[in-house]
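Just so you know, these numbers use all the heavy atoms, side chains as well, and skip hydrogens, waters and symmetry mates. Here is how names work: the chains are called A, B, and so on, in the same order as the sequence lines, proteins then strands, and each is numbered from 1. Here the structure is a predicted model, which is why all the values come from computation and not from measurement.
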Amino acid sequence: MRGWLLPSLALLVIAAFAGSLLVGPAGLAPLAVLDGLFGLRSETVVLVVQEIRLPRSLLAATIGATLGLAGAALQGYLRNPLAEPGLIGISGAAALGAVLTLYTGLSAAFSLALPIGGMAGAVCAVLLVQALAGRDAGTLSLILAGVAVTSFAAALTSLALNLAPSPFAALEIVFWLLGSLSGRSMEHVALAVPFMAIGWLLLASCARGLDALTLGEDAARSLGFDLRALRRRLILGTALSVGAATAVAGAIGFVGLVIPHLLRPLVGYRPGALLPVSALGGAVLLLLADMAVRVVTPGQELKLGVVTALIGAPFFFWLVVQSRREAT
Amino acid sequence: MTALLEASSLAVSLGRRPVLDDVAFTLAPGETVGLVGPNGAGKTTLLRALAGVLKPVRGEVRLEGQPVGSLPHGHFAARVAYLPQGGGSYWAVPVRTLVMLGRLPHRERWSKPETADERAVDTALAATGVEHLAERPVTELSGGERARVLLARALAGEPQLLLADEPVSGLDPYHRLEVMEHLRALSQAGKAVVVVLHDLTLAARFCDRLVLLADGKVAASGPPEEVLTPQRLDSVYRVRAVLGRQGGEPFVVPWDRLGDKDDSSLAEGTG
Amino acid sequence: MPRARAVLVIAAFAILACLQPGAAGAADGERPARVVSLNLCTDQLVLELLERERIASISFLGADPRYSAVAGRARGIPRNHGRAEEVLRLDPDLVLAGTYTSRATVALLRRLDYRVVEMAPPRDIPAVRAQIRRIADVLGVSKRGEALIRAFDRKLRAAAPAGAGARPSAVIYEANGIAVGDGELADAAVEAAGLSNLAAEMGLRGPSPLSLEHLVVARPDVLILQNHGENAPSQATHLLDHPALRHLRERTAVAIVPEALWTCGGPQLAEAVARLAEARRAVQREGG
């Protein structure tokens, strides 16, 4: 890996985070935001910066990091560049889990139920996709399994929302399918970030094993890696981080696809080295996307997933063409 | 003398299907042992069991007298390198990075490669003559280049023992000889090599000892000329071969296919 | 025997014919006897103005206390979902509908020569009075209508500010971060209570999204919400639990005006204005 990559990505994260704090309908001056962050301005400014903008920026950074990291880890483990939490159904199922706890009122009675629901959904999706596609899954079977799980989860999500007692629920399918950080608060940060952090540690601990898997499963085992343990850590890490992220922000797609792809050549294609840079890259992308959402249509914000899909879908097309070219 | 690697009454199953039964195996330092036998005889399975990739149903594998299961974590991997059949890389990593993966058992978690690691990689690249490819992506190499790079990966771990599964398959004669010479150089340097081969001439020429497997059992074991007798080639491989010597070294050229057992019984039936 | 049976059948038909409400209604064209209401707002007026015997059916919303201020009176009255079949079965002599709801049903009923009266949602206070008067006339209960208007006006007068002093600012904040701007009945109610609608002053028209940031910075004197936060859980209402808004609620006067009071321009609007005026007085007392 080139030495400059990690520090420059870290700088980008800091810059995007600062930018994200500066953007908002209230139009605060940069200095006011800085003071507000440390509680030095009027109550109003402090409230806007600390309670409205800060949680949103924190979630954009941590959820982006989660998606980038989980995408890179899944790709390394499945040795497939199209594996991504959104594409293979993990985000969709996590959204379903969260929907079931939120709209039944379970999470109102017991707030941890929300991230737990998301994580449970994510675990089910990973196991289901693995069962459907097989361990050493080819691209086609993996994508098919992902499509099946995603559409099934989406159908159940919309069913649950239609049956929910709230008159608003039925309209909120868009939130869950596309994701948004609008209206998120420090409570969401407190609910999701601890689980995401544990997930990151688990995924980071897979780095060497993923490197070894470059040579295939047998060679990785012969290098002293317990692949069953690796798989457990990977599934648990993905489920915790993506599940908690989706539970508070909905299913945000494509971050885990685009970021590892852009950064892979810069780390010499090493799956282990790709993990930290993808986390930082994901944070940058989601921070920028969330800024775009607020700047482009300030009145009624776009859903975050719309922006990531606008970036990610053409990328996906390109990948499909690329893989077809390689196949022939 | 304790054997470097040994296995006794080894039984291995794949799923529910028993593949190996009651296999004994020993290997001394400096020795090259060839695993030969027809398709489906269990050569790859034996090699995987010896490499610790497959857990035996019965029996155990011992490294210098110690059961492999009882060794401290990473100890076995640091001393035994395994080169799977048809191996390659799933990602377009540069050759040097791939070869460095062979150092994983020697490196601390989270640590960067140290000088010793870099030196071992340099040595492995030099030993297999692929230094000039160091920065090339593995996925762009030719078959011969890739075979040597993968060998370098195995050597980078500075193993005492190399287990190679058909390292010459898919290679042209030039590169086959080249890879076999590398293996011979290893055993001459005091390391032990177990290699699965289909090319019986290469097996006869380059191995000190052969283990002939048939239907999951050891059919014969010993010096090549004692193992590759016309009778065994007939009963195990179902071929008639031209056997001879060239410059003091043996060659085995399979020539005629003998009729299938079913065919012969059918012929008797109709005749 | 056959003859006796024929007589019975004829008698039965005769009795049925007498029971036909259409026949009775024809005799008293001014006072419809079987009224069907298809719309929440007409439901509430009908329930206020008419004896229950004359109400054939109201919409399901009119019986739902979340939306209807007079849901308590709806017990026992058949409900409809605005579908033509439901109405035809009841064979009403008057159908009341909103101008935006059940359009297909209304068109069909007109084609079948039913008497249908449509009512547009009022956007200001005079329109509320006009509407009560019009529906009361149609129902043939003009006097009751006038009484209702007098009570309405009494309540409004009591709620109006005493002088032309400074008007505290207010924002109506709903689920999904929607504020009510200019040109809405709720806006008129806010003004009638002696408050100034901050959202309207910011240039918002009708129900418009207002970011939490804007709301916090604008800092209204009165925050008007529709309930205490006892909604069925949803992302939309979750926003009203945002810590920034909770903070704001602690610092400003809060008026809770249930949706049922001002969704429709009925007499219950005066109660909404009264509650808003109460919040205004609280602010003015605190301000000295």
Reported OG-to-CG distance for the pair Ser185(A) and Leu245(C), which is rounded to 0.5 angstrom: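 One gets 11.0 Å once the value is rounded to the nearest 0.5 Å.
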Which pair of heavy atoms, one from His242(C) and one from Arg184(A), lies closest together, and at what distance? NE2-O, 3.1 Å
Under 4.5 Å, counting heavy-atom pairs only, tell me which of Ser234(C), Pro209(C), Ala232(C) racks up the most with chain A. Ser234(C)
Less than 4.5 Å to any heavy atom of chain A: does that hold for the side chain of Leu212(C), its backbone, both, or neither? both
I need the His247(C) NE2 to Thr44(A) OG1 distance, nearest 0.5 Å.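 The NE2 atom of His247(C) sits 10.5 Å away from the OG1 atom of Thr44(A).
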Selection from Pro25(A), Ser182(A), Ser107(A) maximising heavy-atom pairs under 4.5 Å formed with chain C: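 If we count pairs closer than 4.5 Å to chain C, Pro25(A) comes out on top.
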Contact part of Tyr103(A) toward chain C, heavy-atom cut-off under 4.5 Å: side chain, backbone, both or neither?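 Both the backbone and the side chain of Tyr103(A) come within 4.5 Å of chain C.
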Taking it one step at a time, do Glu51(A) and Glu213(C) satisfy side chain to side chain contact (heavy atoms under 4.5 Å, CB included)? CA-CA 10 Å; Glu51(A) 296 289 346; Glu213(C) 269 192 51; over 6 Å; no
Take a 6.0 Å sphere around CZ of Phe152(A) and say whether it holds more than 12 heavy atoms from other residues, nucleotides or ligands.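 Open.
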Under 4.5 Å between any side-chain heavy atoms of His188(A) and His238(C), yes or no?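 They are in contact (side-chain heavy atoms under 4.5 Å apart), so the answer is yes.
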Using only atom types and a distance under 3.5 Å, with no angle test, would you say the side chain of Gln235(C) pairs donor to acceptor with the backbone of Phe175(A)? no
Side chain from CB out, backbone as N, CA, C, O: work out which of these in Pro167(A) comes under 4.5 Å of a heavy atom of chain C, or both, or neither.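 Pro167(A) touches chain C through side-chain heavy atoms alone.
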Measure across Leu47(A) and Ala244(C) and return the closest heavy-atom pair with its distance rounded to 0.1 Å. CD2-O, 3.8 Å
Using a cut-off of under 4.5 Å on heavy-atom pairs, state which of Arg219(C), Arg251(C), Arg66(C) scores highest against chain A.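 Option with the greatest count: Arg251(C).
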Top of Gly105(A), Gly24(A), Ala169(A), Ala108(A) for chain C proximity - count of heavy-atom pairs under 4.5 angstrom: Gly24(A)
